[in-house]
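Before any comments, here is the structure.
The first residue in the sequence is number 1, and the count goes up from there. What you are looking at is a predicted structure, and each value in this text was computed from that prediction instead of being measured.
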Amino acid sequence: QLQLVESGGGLVQSGGSLRLSCTASRFNMDGLFIGWFRQAPGKEREGVSCISDRGSITNIADSVKDRFTISSDNAKTTVYLTMNSLKPEDTAVYYCAAGWRLERNFCTFSTGPYKFWGQGTQVTVSS
């Protein structure tokens, strides 16, 4: 069973930056597409960014475009979400998720294809 562990959340002032990390506890993430999602209190979980299994395709939600970037290390053991120019509305619990590759160059903001989820890390942006 693949386990995902997020880290890097915390409290930051508006305009600040954080980098979240998602690490697979047992093996690297070959063959998996990875997504970052977030959920604020009282709101539905939304996709923020995702990356295909070979890193050839990345998607960024419009709400964070030009501020957030997804990347992975060469060994595909860790996927990062770099968040710049943070706003109070970015406050949420951030989750990473993984799904087995369905087709080449694939990732999605739909939660259904994701089979593994991390426990989440809190990001709080103060105004």
Side-chain angles (χ1 to χ4, degrees):
Q1 180 75 6
L2 176 68
Q3 293 181 330
L4 301 173
V5 179
E6 305 100 333
S7 60
L11 174 64
V12 64
Q13 289 187 337
S14 181
S17 298
L18 286 172
R19 188 177 76 163
L20 305 183
S21 299
C22 174
T23 304
S25 61
R26 299 183 65 179
F27 49 88
N28 68 20
M29 302 182 199
D30 283 346
L32 293 163
F33 58 92
I34 306 297
W36 281 100
F37 294 80
R38 68 184 181 185
Q39 188 165 19
K43 295 188 177 181
E44 292 187 354
R45 190 169 297 189
E46 63 171 342
V48 175
S49 188
C50 65
I51 186 168
S52 61
D53 70 307
R54 296 193 176 187
S56 55
I57 295 294
T58 61
N59 287 327
I60 297 285
D62 288 342
S63 58
V64 301
K65 193 175 181 180
D66 298 328
R67 299 188 297 122
F68 290 13
T69 304
I70 192 169
S71 61
S72 65
D73 63 3
N74 290 335
K76 198 67 182 299
T77 59
T78 304
V79 174
Y80 303 99
L81 183 68
T82 302
M83 307 185 295
N84 298 318
S85 303
L86 282 162
K87 305 175 181 180
E89 51 263 43
D90 294 319
T91 295
V93 177
Y94 283 71
Y95 300 89
C96 73
W100 295 111
R101 184 184 67 186
L102 302 176
E103 57 188 63
R104 293 180 65 181
N105 302 326
F106 175 85
C107 74
T108 179
F109 288 160
S110 296
T111 58
Y114 291 91
K115 304 306 180 186
F116 308 100
W117 290 83
Q119 80 288 351
T121 186
Q122 176 71 45
V123 172
T124 303
V125 184
S126 62
S127 57

- Message: My understanding is that a hydrophobic cluster links ILVMFWY residues whose side chain heavy atoms are under 4.5 Å apart, including indirect links. Using that, what else belongs to the cluster containing Ile57?
- Response: none
- What heavy-atom pair brings Leu32 and Trp100 nearest, and what distance separates the two atoms? CD2-CE3, 3.3 Å
- Message: As an exercise, state the distance from CG of Leu4 to OG1 of Thr23, rounded to the nearest 0.5 Å.
- Response: 9.0 Å
- side-chain contact (heavy atoms from CB on, under 4.5 Å) filter on Lys87, not counting sequence neighbours, yields Arg67, Glu89, Asp90
- Pairs satisfying ring-ring contact (aromatic ring centres under 6.0 Å, His included), at least one member in residues 44-78, at least two apart: none
- Message: Please determine whether residues Tyr94 and Tyr80 belong to a single hydrophobic cluster, defined as Ile, Leu, Val, Met, Phe, Trp and Tyr linked transitively by side-chain heavy-atom distances below 4.5 Å.
- Response: no
- May I ask you to list the residues sharing a hydrophobic cluster with Tyr95, side-chain cutoff 4.5 Å, ordered by chain and number? Phe33, Phe37, Val93, Leu102, Phe106, Tyr114, Trp117
- Message: Using the side chain to side chain donor-acceptor pair (under 3.5 Å) criterion, which residues pair with Thr121? Sequence neighbours excluded.
- Response: none
- Message: Testing the basics here: between Ala40 and Ala92, what is the closest heavy-atom pair and its distance to 0.1 Å?
- Response: N-CB, 3.8 Å
- Partners passing side chain to side chain donor-acceptor pair (under 3.5 Å) against Thr58 (at least two apart in sequence or in another chain): none
- Query: How would you list all residue pairs meeting disulfide bond (SG atoms under 2.5 Å apart) that involve residues 29-81, not counting sequence neighbours?
  - Reply: Cys50-Cys107
- With sequence neighbours excluded, tell me which residues meet salt bridge (Lys or Arg N to Asp or Glu O under 4.0 Å) with Glu46. Arg38
- Item | Partner of Trp36 by side-chain contact (heavy atoms from CB on, under 4.5 Å), out of Leu81, Ile60, Val64 | Leu81
- Task: Taking the side chain as every heavy atom from C-beta outward, state whether Ser72 and Ile51 have any atom pair closer than 4.5 Å.
- Result: yes
- Query: How many angstroms lie between OG1 in Thr69 and CE in Met83, if you round to the nearest 0.5 Å?
  - Reply: 11.0 Å
- Query: Residues in salt bridge (Lys or Arg N to Asp or Glu O under 4.0 Å) with Arg101, at least two apart?
  - Reply: Asp53
- Message: Minimum heavy-atom separation for Val125 and Thr91, please, with both atom names.
- Response: N-OG1, 2.9 Å
- Partners of Thr77 by side chain to side chain donor-acceptor pair (under 3.5 Å), sequence neighbours excluded? Asp73
- Message: Would you compute the distance between atom CG of Leu2 and atom CE of Met29 and round it to the nearest 0.5 angstrom?
- Response: 7.0 Å
Please list, one pair per line, the donor and acceptor atoms closer than 3.5 Å that link side chains of residues 5-22 to other protein atoms, with sequence neighbours excluded.
unit_1	atom_1	unit_2	atom_2	d
Glu6	OE1	Gln119	N	3.0
Glu6	OE1	Gln119	NE2	3.4
Glu6	OE1	Gly120	N	2.9
Glu6	OE2	Cys96	N	2.8
Glu6	OE2	Gly120	N	3.2
Ser17	OG	Asn84	OD1	2.9

